[in-house]
Protein chains: 2
Amino acid sequence: MSGIRILLVDDHPVVRAGLRAMLSDFEGITVAAEAGDGAAALAQLARLRALGEPVDVVLMDLQMGAGMDGVTATQKIKAGEAGTPAPPVLILTTYDSDADILAAVEAGASGYMLKDAPPEHIRQAVLSAAAGGTALAPEVAARLMGRIRNPEPALSAREIQLLQLLATGLPNRAIARQLFISEATVKTHLVHIYGKLGVDNRTAAISVATQRRIIRP
Amino acid sequence: MSGIRILLVDDHPVVRAGLRAMLSDFEGITVAAEAGDGAAALAQLARLRALGEPVDVVLMDLQMGAGMDGVTATQKIKAGEAGTPAPPVLILTTYDSDADILAAVEAGASGYMLKDAPPEHIRQAVLSAAAGGTALAPEVAARLMGRIRNPEPALSAREIQLLQLLATGLPNRAIARQLFISEATVKTHLVHIYGKLGVDNRTAAISVATQRRIIRP
DNA sequence: CCGGAGATCAACCATTTGGTTGAGCCGCTG
DNA sequence: CAGCGGCTCAACCAAATGGTTGATCTCCGG
């Protein structure tokens, strides 16, 4: 009767130590293993499964230094092995950007908590995830609600493509040549992008798009 | 004989728990108090000083949610109370951008460590800071060395500060107001920045500066 | 089949940015 | 102390960008 068995995944030793200390204070929760990146997490899952001691919840950061990122790891975990149920994945990260939240949810995460959450909230989230439920930080929940009520205009693929070139510092003329369109069209796209992102110049657009992770830095 | 007395400052309860757990494993290091933001840190310092139990090292994150940020807190700590020596401040943060490092060093920090550092490194840094020395993470040290040796781009602190604002999408006029200088000066700085980065417009400058981690995204 | 959305282009004009030249001030260093 | 580098400002001009209007074409779904 080891209670809920957890796999901790975070690239910061400090954070892992904190979670371990925090969770071990709670009755009925055990840290079964730890990993510093997505690949190690998958290895640990396989190892524990082979030992007949599968984990009940994966508690994972989204940003993980060099290795496989949290979203990819979540996808792979949920894909899992044939015939064995995949454990619920609870995301515990620092940022609450739309793109992160949506990516995590789409990848199959059971919850999304922020690292500045008080210990009790984290405990509740773990219990909820272990029971097959979901857990969202209040800030995250509010953001998702906001999206439903007031859906943000989604950028088209072409617009994102243009944004990506924009972020490299190319002037409109060069962007036009790259995409085989006229400079006028580039400007039209830009106006649309500004409108959707709520800005009024290219640098601000890059700033917002980068922070929302619409484009990669 | 309480050994080295530390004040932990971080807005994440998880990280504080991790540092506490980690440091308490070390002989001769004691966590005297904790704080969740800069203001609370100053209050704790004053409180402990009044009790006649001043802290020997402040271990602080740079990014701290809503409240006073780490750089400002560092400045205030180093300014200190008349007649009482200010404790060394050791920065422990996630990012290693030039902008953050320079700001911290200029504010009077004794060291700059990254959160993905192994516990032993953190211990060494704390000991070094307590002894009045300095402590830089290898990545940070390498970056600073590079700035000295490098014949290439040595951006001044002012230029980096300007770049940081540039990256938020502000027009020159707004940057000028923020820095209390004229628009003409902003343009002069920009020309210098372009030259040093080898670009010829602001978006390209942001792109290069971000990729070289001169500024944070 | 029609409407809407996305992509394309043009012309026009105001504003911003980029580039240059020149100059004063301050602090550090040889 | 002279010189250098960094920070500051001004004026001017060319080029790029931002903003607007209006238009054609295609594709997709009701």
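Since this is a predicted model, take the numbers as computed values, not measurements.
In this structure A:T203 satisfies the side chain to side chain donor-acceptor pair (under 3.5 Å) test together with A:N201, sequence neighbours excluded. Listed by chain and residue number, A:S182 satisfy the side chain to side chain donor-acceptor pair (under 3.5 Å) test with A:T185 (two or more places apart in sequence, or in another chain). With sequence neighbours left out, A:T168 forms a side chain to side chain donor-acceptor pair (under 3.5 Å) with no residue at all. In terms of the side chain to side chain donor-acceptor pair (under 3.5 Å) criterion, residue partners of A:Q161 (sequence neighbours excluded) are, by chain and number, A:R158. Partners of B:E53 under the salt bridge (charged side-chain N to carboxylate O under 4.0 Å, His left out) rule, at least two apart in sequence or in another chain, are B:R5. For B:R202, there are no salt bridge (charged side-chain N to carboxylate O under 4.0 Å, His left out) partners two or more places apart in sequence or in a different chain.
When all heavy atoms of A:S110 and A:P88 are compared, the closest pair comes out as OG-CB, 3.4 Å. Contact detail for B:A205 and B:L197: the closest heavy-atom pair is O-CD1, 3.7 Å.
Under the 3.5 Å distance criterion, with hydrogens and angles disregarded, no donor-acceptor pair is assigned to the side chains of B:T94 and B:Q63.
Look at CG on A:L170: it is 19 Å from P on C:dT17, rounded to the nearest Å. Going from atom NZ of B:K196 over to atom P of C:dG18 covers 17 Å, rounded to whole Å. Rounded to whole Å, atom C1' of D:dT17 lies 10 Å from atom CG of A:N201. The separation between B:L166 atom CG and D:dT17 atom P is 14 Å, rounded to whole Å. Distance CD (A:E159) to P (C:dG6): 7 Å, rounded to an integer number of Å. The separation between B:I206 atom CD1 and C:dG18 atom P is 10 Å, rounded to whole Å. For A:H192 and C:dA7, the NE2 to C1' distance is 9 Å, given to the nearest whole Å. Summarising the geometry, the separation between CG on A:D200 and P on C:dT17 is reported as 10 Å, rounded to the nearest angstrom.
Counting only residues at least two apart or in different chains, salt bridge (charged side-chain N to carboxylate O under 4.0 Å, His left out) contacts with residues 108-132 of chain B comprise B:D10-B:K115, B:D61-B:K115, B:E120-B:R123. Applying the salt bridge (charged side-chain N to carboxylate O under 4.0 Å, His left out) test to every pair with at least one member in residues 168-188 of chain B, sequence neighbours left out, gives no pairs at all.
At the phosphate of D:dT8, OP1 or OP2 sits under 4.0 Å from a side-chain N or O atom of B:R158. Between D:dT17 and A:N172, a contact under 4.0 Å exists linking OP1 or OP2 to a side-chain N or O. Note on A:H189: a side-chain N or O is less than 4.0 Å away from OP1 or OP2 of C:dT8.
In the helix from C:dC1-D:dG30 to C:dG30-D:dC1, the rotation axis of the first five pairs and that of the last five pairs differ in direction by 40°, rounded to 10 degrees.
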Listed pairs under 3.5 Å, donor-acceptor, residues 125-132 of chain A side chains, sequence neighbours left out:
residue	atom	partner	partner atom	Å
A:S128	OG	A:T134	O	2.7

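Each of C:dA7, C:dG18, D:dC7 was ranked by its minimum atom distance to the side chain of B:Y194; first place goes to C:dG18. Of the listed nucleotides (C:dT17, C:dT20, D:dG6), D:dG6 has the atom at the smallest distance from the side chain of B:S156. Each of D:dG19, C:dT17, C:dA7 was ranked by its minimum atom distance to the side chain of B:P171; first place goes to C:dT17.
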Tabulate atom names and distances for all N/O pairs under 3.5 angstrom spanning the protein and nucleotides 26-30 of chain C.
none

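Residues from residues 175-188 of chain B lying near DNA chain D, meaning a heavy-atom separation below 4.0 Å, are B:I181, B:S182, B:A184, B:T185, B:K187, B:T188 in numerical order.
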